[in-house]
Amino acid sequence: GTSHRANDICNKIFAPTIAAKLKAAGGSCDTVVSDALKNVDIFVLNVQALKITGKTAVVTVKSTSNGKNVVQALDLGHRADGTWRLGSFG
């Protein structure tokens, strides 16, 4: 179910800073992500570009929402245990 996927997203994709921000806002990462997954209709992101500079990486992704293309840059500048983690989005 979505709770298992939410836990994977929180622990394997998000940097610890995102979970901490969600907790500070009054929720848990698992709960917020689980609720968000119930409303998601886009599960495919196409990578348009990737730029790595030292310990910082930014990936630009493209998806389609309501028939419109959406391009967004995502910060992968946080490494945890030797892997890149999503540090910010929005």
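Only a predicted model underlies this, so the values are computations on that prediction, with no experimental measurement involved.
Partner of Ile9 under the side chain to side chain contact (heavy atoms under 4.5 Å, CB included) criterion, out of Ile18, Leu86, Val33: Val33 alone.
Atom OG1 of residue Thr60 and atom CG of residue Asn46 lie 12.5 Å apart, to the nearest 0.5 angstrom. Asn11 CG to Cys29 SG: the interatomic distance, rounded to the nearest 0.5 Å, is 7.5 Å.
Counting heavy atoms from C-beta on, the side chains of Leu37 and Arg5 come closer than 4.5 Å. Taking the side chain as every heavy atom from C-beta outward, Ile52 and Trp84 approach each other to under 4.5 Å.
When every heavy atom of Ala6 is checked against every heavy atom of Ser34, the shortest pair comes out as CB-N, 3.6 Å. Annotation for Leu50 and Ala57: closest pair CD1-CB, 4.4 Å, computed over non-hydrogen atoms.
In this model, a donor atom of one side chain and an acceptor atom of the other lie less than 3.5 Å apart for Thr31 and Ser28.
In terms of the salt bridge (Lys or Arg N to Asp or Glu O under 4.0 Å) criterion, Lys21 has no residue partners (sequence neighbours excluded).
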